[in-house]
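Working notes, structure below.
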Protein chains: 2
Amino acid sequence: MGFARPLAELIAQFERLPGVGPKSAQRLAFHVLRMPLEDVRRFSHALTVARESLGVCSICQNIAEGETCEICRDGRRDPHLICVVSEARDIMAMERIAEYKGVYHVLHGLLNPLNGVGPEQLRIRELLARMSGGVQEVILATNPTVEGDATALYLAKLIKPLDIRVTRLAHGMPIGGELDYADTATLLSALEYRREL
Amino acid sequence: MGFARPLAELIAQFERLPGVGPKSAQRLAFHVLRMPLEDVRRFSHALTVARESLGVCSICQNIAEGETCEICRDGRRDPHLICVVSEARDIMAMERIAEYKGVYHVLHGLLNPLNGVGPEQLRIRELLARMSGGVQEVILATNPTVEGDATALYLAKLIKPLDIRVTRLAHGMPIGGELDYADTATLLSALEYRREL
């Protein structure tokens, strides 16, 4: 005899999430049964609202609630300075440094030919389309990993001929580390010492 | 600038789950944004359906979709043999042994006076109410921990005077385990309850 059907279904749903094994899924599902009904409804609602209302910004490809994201809409940001990151969550890491006043571009991945990720799979065409708008500098802030470095070099080769300054975050960050996990001081130093490519 | 509001809300909701820290919550929320819309709706639905449709069985206190659980409704189960467990998920462990044909009783916790869990906080009154129905044996299958043992002893003292057989799951070496790795308490118990061959 198994779990009651709605419980089994909830466990199955939790198990589909990344990093959630059968035991964790059971634990989470039983936790939900003990949560106040109002809290469960809020969680349930947050899931569909987030998925239904969010898309990508037509300019920078960041997660956005409307046509463009909050950062691109913000008149106080400098649209001539673009920081290129791999994932939308990397923007949060950069935003912790109040010093950065430019905008972003999210690639949604890194070049990885062995896994079938070529330039066509990334938002590179959208990045190049922005280059005609008087951009003065492109900061390549992809992770300092093999894929991140390769992607940065690839982009530098495309953008430098357009007479736009191309820089890379300084290697104040630990090699092999992830931008998403960097502390503010390390990131600030990496921004400060960015180098010409 | 933070995450778009619906995304921040979803991250906050994931963070409220047990064992989910800020980084995991972000990872899960971003995963949801990449899930097919239909899958997100199914997950969202499973949450509220499970919470709204499930309660506890009026007989054994197991998670149940209706007034009573599937096991209590099953005419092939022996209602005169009751296995007492701490949590509803412990029933799943017992059900993996096809040999067990009795029913269950879920205490929803273990005695733990230091944390304010006394007999009144557990479903003990409901267990005693079942004792008048011709019960022949009560198997105490609470975990072999301080709290589990104390709870089992407490229940044994209440039930044995009613002329009902009270047993406890045997303690000893796990099948396939190595003597070398067994903890002292387990070994001691295995020695104490050694059987004639």
Side-chain angles (χ1 to χ4, degrees), chain A residues 1-14 16-20 23-24 26-37 39-57 62-66 69-71 74 77 87-89 91-92 95 180-181, chain B residues 1-14 16-20 23-24 26-37 39-57 62-66 69-71 74 77 87-89 91-92 95 104 108:
Chain A
M1 189 102 6
F3 290 116
R5 203 185 38 72
L7 178 57
E9 167 68 8
L10 182 57
I11 292 171
Q13 290 297 331
F14 272 120
R16 299 182 67 174
L17 296 176
V20 179
K23 279 283 164 197
S24 306
Q26 270 191 32
R27 191 166 41 93
L28 292 170
F30 275 103
H31 174 81
V32 168
L33 297 188
R34 285 190 303 264
M35 276 165 67
L37 179 56
D39 288 1
V40 177
R41 287 196 175 133
R42 200 171 295 131
F43 182 19
S44 164
H45 189 63
L47 280 166
T48 49
V49 166
R51 179 62 183 76
E52 286 171 4
S53 70
L54 296 175
V56 293
C57 171
N62 181 19
I63 304 290
E65 215 177 334
C69 77
E70 276 187 75
I71 295 175
D74 187 345
R77 311 291 299 228
E87 302 294 344
R89 60 176 177 270
I91 291 181
M92 286 298 98
E95 286 293 287
D180 195 24
Y181 282 81
Chain B
M1 190 104 4
F3 289 116
R5 204 187 35 74
L7 177 57
E9 166 68 10
L10 182 57
I11 293 171
Q13 290 297 331
F14 271 120
R16 300 181 67 174
L17 296 176
V20 179
K23 280 283 166 193
S24 305
Q26 270 192 33
R27 191 165 43 90
L28 291 170
F30 275 102
H31 174 81
V32 168
L33 297 187
R34 285 190 304 264
M35 276 166 66
L37 179 56
D39 289 1
V40 177
R41 287 195 175 135
R42 199 169 299 131
F43 183 19
S44 164
H45 190 63
L47 280 167
T48 49
V49 166
R51 180 60 183 78
E52 285 170 5
S53 70
L54 296 175
V56 292
C57 170
N62 182 18
I63 303 291
E65 214 178 336
C69 76
E70 277 186 74
I71 296 175
D74 187 345
R77 311 290 300 227
E87 302 293 342
R89 59 178 177 272
I91 291 181
M92 286 298 97
E95 286 294 286
Y104 294 93
H108 291 274

Acceptor/donor pairs from residues 41-49 of chain A side chains to any protein atom, 3.5 angstrom cut, sequence neighbours excluded:
| residue | atom | partner | partner atom | Å |
| --- | --- | --- | --- | --- |
| A:Arg41 | NE | B:Glu52 | OE2 | 3.0 |
| A:Arg41 | NH2 | B:Glu52 | OE2 | 2.9 |
| A:Arg42 | NH1 | A:Asp39 | OD1 | 3.4 |
| A:Ser44 | OG | B:Ser44 | O | 2.9 |
| A:Ser44 | OG | B:Ser44 | OG | 2.7 |
| A:Thr48 | OG1 | A:His45 | O | 3.2 |

Counting only heavy atoms closer than 4.5 Å, note whether A:Leu28 contacts chain B via side chain, backbone, both or neither.
-> side chain
If you look at every heavy atom in A:Ala50 and B:Leu33, which pair is closest and at what distance?
-> O-CD2, 3.7 Å
Which atoms of B:Leu7 approach chain A - backbone, side chain, both or neither, heavy atom under 4.5 Å | both
B:Ala88 versus chain A, the contacting section by heavy-atom distance below 4.5 Å = both
One option among B:Ala4, B:Ser24, B:Pro18 has the most heavy-atom pairs under 4.5 Å with chain A, and it is B:Pro18
Highest number of heavy-atom pairs under 4.5 Å with chain A: which of B:Glu87, B:Arg34, B:Arg27?
-> B:Arg27
How many angstroms lie between CE in B:Met35 and CZ in A:Arg16, if you round to the nearest 0.5 Å?
-> 6.0 Å
At what distance, to the nearest 0.5 angstrom, does NZ of B:Lys23 lie from CZ of A:Arg89?
-> 8.0 Å
Please determine, among A:Leu37, A:Val20, A:Val32, the option with the most heavy-atom pairs under 4.5 Å with chain B.
-> A:Leu37
